[in-house]
Amino acid sequence: MIHVISGGSEISGISHAAAKKATWNAKHGLEAAKPKRLLLGTDEISFTAKEQEKVLTPHHDAQVIWLTVANCLVKRILVDNGSSGNIIFQAAYKDLGLKKSALTRRITPLIGFSGEVKQTAGEVTLPVYVEGVNMSTKFLVIDCDSSYNMILGRPWIHGMVAIPSTLHQMVKFLTPWGIKAIRGDQEYSRSCYQTTLKGKTKVL
């Protein structure tokens with residue numbers, strides 16, 4: 001289980017030099033690239049107390065959702081803004097029926113919360129569909145057990161122009177048709193948490 005994930009080619013490359021350059025650019029306020037997904041309208045994302053009424057409270061549940069990935073409904077997807085990469089665990093990769101030929105054999109080191117390093121098995125780009133938006137998303141493939149099937153990190157969150165709220169158990173994002181939302185599944189969230197505590201991190 002990697003609680004906080006740093007690394008991956010999506011953010012600033014995989015080398016120390018690339019990360020150093022990205023830090024220098026931020027320090028000097030250099031203009032970033034424009035978003036790939038242009039949106040219509042000027043809607044602002046907000047959350048209301050009424051939306052929270054549907055949430056089991058009090059809670060500290062993680063944001064666990066269902067999404068259609070590669071034309072399959074995938075459950076137990078963790079939305080984690082603490083992850084600098086999108087992760088698919090190898091067992092889930094196989095369950096999706098994806099061929100090895102679809103995997104780019106690029107080995108990338110990922111660094112966890114306590115500094116442990118895990119090498120990826122490669123990268124794959126998969127279509128992730130949600131509420132009318134079908135976005136090609138790069139995933140890092142990791143060969144280890146987890147109570148989750150996938151982790152959607154900052155690359156997906158930012159690419160979707162999304163705002164996750166664990167308090168409201170919702171992910172809201174902008175589309176050309178207005179603001180759309182995905183609601184988290186607290187039952188799955190708590191089940192994943194329980195599985196992790198037991199040390200039985202089998203993908204279900």
Side-chain angles (χ1 to χ4, degrees), residues 1-27 30 32-37 62-65 67-72 74-130 133-162 164 171 192 195-196 201-204:
M1 173 63 67
I2 302 176
H3 296 281
V4 176
I5 301 172
S6 298
S9 58
E10 287 279 359
I11 302 298
S12 57
I14 60 174
S15 67
H16 173 72
K20 184 177 180 181
K21 182 180 178 181
T23 303
W24 189 90
N25 288 344
K27 180 179 179 180
L30 297 184
K34 294 181 179 179
K36 294 180 181 178
R37 193 159 64 89
Q63 190 88 49
V64 177
I65 62 175
L67 285 182
T68 300
V69 181
N71 297 319
C72 295
V74 180
K75 300 180 180 181
R76 297 179 182 257
I77 300 176
L78 175 67
V79 180
D80 181 14
N81 59 13
S83 175
S84 65
N86 304 311
I87 307 296
I88 179 171
F89 295 95
Q90 195 158 30
Y93 182 86
K94 292 179 180 178
D95 287 344
L96 286 174
L98 300 173
K99 298 180 180 179
K100 290 184 178 180
S101 58
L103 185 64
T104 301
R105 295 291 180 178
R106 183 176 183 180
I107 308 303
T108 303
L110 296 179
I111 304 171
F113 180 76
S114 60
E116 71 275 16
V117 177
K118 178 72 176 179
Q119 302 289 343
T120 65
E123 296 180 355
V124 65
T125 299
L126 301 173
V128 177
Y129 177 85
V130 52
V133 178
N134 198 24
M135 188 172 74
S136 294
T137 304
K138 182 187 291 184
F139 288 90
L140 304 174
V141 182
I142 297 181
D143 185 11
C144 68
D145 292 333
S146 172
S147 57
Y148 304 105
N149 289 312
M150 297 177 177
I151 297 175
L152 291 174
R154 293 192 299 275
W156 181 84
I157 294 170
H158 295 175
M160 286 294 294
V161 195
V171 180
C192 289
T195 302
T196 302
T201 53
K202 180 181 178 181
V203 177
L204 301 174

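Side-chain atoms of V74 and T68, non-hydrogen and from C-beta on, never get closer than 4.5 Å to each other. Side-chain contact between D80 and I151: present, with at least one pair of heavy atoms (C-beta onward) separated by less than 4.5 Å. A heavy-atom distance below 4.5 Å is found between the side chains of Y93 and L103. Within the 4.5 Å cutoff, the side chain of L152 has no heavy atoms near those of the L78 side chain. Between K100 and R105 the shortest side-chain heavy-atom distance falls below 4.5 Å. Using a 4.5 Å heavy-atom cutoff, the side chains of M160 and V130 are in contact. Annotation: side chain of M150 is not in contact with side chain of N86 (no heavy-atom distance under 4.5 Å). Taking 4.5 Å as the limit, some side-chain heavy atom of V128 sits within range of a side-chain heavy atom of W156.
When all heavy atoms of S84 and P155 are compared, the pair lying nearest together is O-CG, 3.4 Å. Summarising the geometry of A121 relative to Q90, their closest heavy-atom pair is CB-NE2, 4.4 Å, with the distance given to 0.1 Å. Nearest heavy-atom pair across V117 and P109 is CG1-CB, 3.9 Å.
The CG atom of L110 sits 8.0 Å away from atom CD of Q119, with the distance rounded to the nearest 0.5 Å. Rounded to the nearest 0.5 angstrom, L67 CG and I77 CD1 are separated by 4.5 Å.
Residues that satisfy the side-chain contact (heavy atoms from CB on, under 4.5 Å) test with N134, not counting sequence neighbours, are P127, Y129. By the side-chain contact (heavy atoms from CB on, under 4.5 Å) test, N81 is found to be paired with R154, I157, residues two or more places apart in sequence or in another chain being considered.
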Exercise for the section: Show your reasoning for whether side chain to side chain contact (heavy atoms under 4.5 Å, CB included) applies to I88 and Y148. Expected result: CA-CA 9 Å; I88 179 171; Y148 304 105; over 6 Å; no
Exercise for the section: Evaluate the side chain to side chain contact (heavy atoms under 4.5 Å, CB included) criterion for residues E123 and T108: first the C-alpha distance (whole Å), next the side-chain angles of each, then the deciding distance (0.1 Å), finally the verdict. Expected result: CA-CA 9 Å; E123 296 180 355; T108 303; 3.9 Å; yes
Practice task
Begin with the C-alpha distance, continue with both residues' side-chain angles, and end with the deciding distance and a verdict on side chain to side chain contact (heavy atoms under 4.5 Å, CB included) for I87 and I142.
Solution key: CA-CA 7 Å; I87 307 296; I142 297 181; 3.7 Å; yes
Problem - Intermediate values then yes/no, side chain to side chain contact (heavy atoms under 4.5 Å, CB included), L96 and N71 - result: CA-CA 9 Å; L96 286 174; N71 297 319; over 6 Å; no
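Looking only at distances, a side-chain donor or acceptor of K118 sits under 3.5 Å from a matching main-chain atom of D143. Put simply, the side chain of S101 never gets that close to the backbone of K99: no donor and acceptor are under 3.5 Å apart. Judged by distance alone, the side chain of T104 and the main-chain N or O of R106 form no donor-acceptor pair under 3.5 Å.
With 3.5 Å as the limit, one finds a donor-acceptor pair spanning the side chains of T196 and S147.
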